[in-house]
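Predicted model, so just to flag it, every value in this text is computed and none were measured. Atoms within a ligand are numbered from 1 in the order they appear, just like the ligands themselves.
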Amino acid sequence: MKYELDNIYCVDCYEAIKDIPDKSIDLIITDPPYLIENTRAGGHNDFTEGGKKSIQHMNDELAEGRFTESVRGDVLFPELVRVMKAINLYVWCNGKQIPMYLDYFVKEQDCTFDILIWHKTNAMPLFNNKYLTDKEYCLYFRKGGYCAPQSYEDAKTVWDMPINATDKKRFNHCTIKPLSIIETLVRNSTTGGGTILDPFAGSGTTAVAAKNLGRHYIGFEIDEKWAMIARNRLNNTQADGQITFITM
Ligand SMILES: C[S@@+](CC[C@H](N)C(=O)[O-])C[C@H]1O[C@@H](n2cnc3c(N)ncnc32)[C@H](O)[C@@H]1O
């Protein structure tokens, strides 16, 4: 295969995935760009510079980091299905993207699905004519894929957890996911030695979880900055998942 196991590649996943052989991947865990609307023009949030970060600042950060485009499902979804041994996919998304994923994976591919939720216990107190932004969705699609939680804790579908501010600061990635959640998914849906693909690797959380638990990984990330951070993170991760040293 063109891409070797246990590496992060700085590539465009829409092209790179074409070089992954059919039925070679046990599990995909991924966190594609979110289709986030920029609230700059007349947004209803009133959080201003008095806080740690303004909404404007966060919007700029998201746009600059290619997090605001949506995923190109017409190109990518058939490729995800092709490379998996059996459909076994966790994909993070926001509420607006849910119908698109259900249309393809449930209606077209006949998968079963679950909606897993990261409930952020310390979300910002913004509720002016709206509910709190206090959750993130992780959709799980499966058709023959392996899922065998070994404990009550691992079988939960809601994770109550604060925003992972320390990791965000340490790895400088504004949509980094909590490592403990991703490790749970890896444990539940692969056996030792399995291979996990993350086409939108960001700071490498999926790869670190795979490495910590003795699974193989392949990560694609289009931005060299994040690809470097992911590689450094992996190189400096001890077997116990602790980071020893980081260069940026
Ligand atoms: C939501 S972030 C993933 C964050 C990751 N879950 C983590 O914990 O660090 C999405 C990532 O996809 C990357 N990306 C966007 N378009 C891409 C593409 N066409 N190919 C590969 N990576 C892409 C972005 O640069 C960004 O780092």
### Query
Within a radius of less than 6.0 Å around CD of Glu4, do more than 12 heavy atoms belonging to other residues, nucleotides or ligands occur?
no
Distance col, row Leu27:CG vs Thr30:OG1, nearest 0.5 angstrom, shows 10.5 Å
Value for CG (Leu80) from CG (Leu197), rounded to nearest 0.5 Å, stands at 7.5 Å
**Request:** Report yes if the side chains of Phe171 and Trp226 come closer than 4.5 Å at any heavy-atom pair, otherwise no.
**Result:** no
Worksheet item: Does the side chain of Arg142 reach to within under 4.5 Å of the side chain of Cys111, using non-hydrogen atoms?
Response: no
Min N/O separation [X] to ligand 1 under 3.5 Å:
X	result
Lys177	yes
Ile176	no
Glu221	yes
Tyr14	no
Ile222	yes
His173	yes
Thr175	no

Interfacing atoms of ligand 1 (cut-off 4.0 Å, heavy-atom, [X]):
X	result
Thr205	7 (C), 8 (O), 9 (O)
Asp12	18 (C), 19 (N), 20 (N)
Pro33	15 (C)
Ser203	7 (C), 8 (O), 9 (O)

Side-chain donor-acceptor pair under 3.5 Å between [X] and [Y], yes or no?
X	Y	answer
Thr190	Arg215	yes
Tyr131	Asp134	no
Asp74	Tyr104	no

Test item, [X] contacting ligand 1 (heavy atom, 4.0 angstrom):
X	result
Val11	yes
Ala16	no
Pro199	yes

List the steps and the verdict of ring pair (Phe, Tyr, Trp, His ring centres under 6.0 Å) for Phe105 and Phe77.
-> CA-CA 8 Å; Phe105 287 101; Phe77 295 169; 5.1 Å; yes
(request) Decide ring pair (Phe, Tyr, Trp, His ring centres under 6.0 Å) for Phe220 and Tyr3; before the verdict, give the C-alpha distance in whole Å, the side-chain angles of both, and the deciding distance to 0.1 Å. (result) CA-CA 10 Å; Phe220 295 146; Tyr3 296 105; 5.0 Å; yes
Logged contact type for Trp226 with ligand 1, heavy-atom cut-off 4.0 Å, is side chain
Going by the 4.0 angstrom heavy-atom rule, the piece of Ala230 near ligand 1 is neither
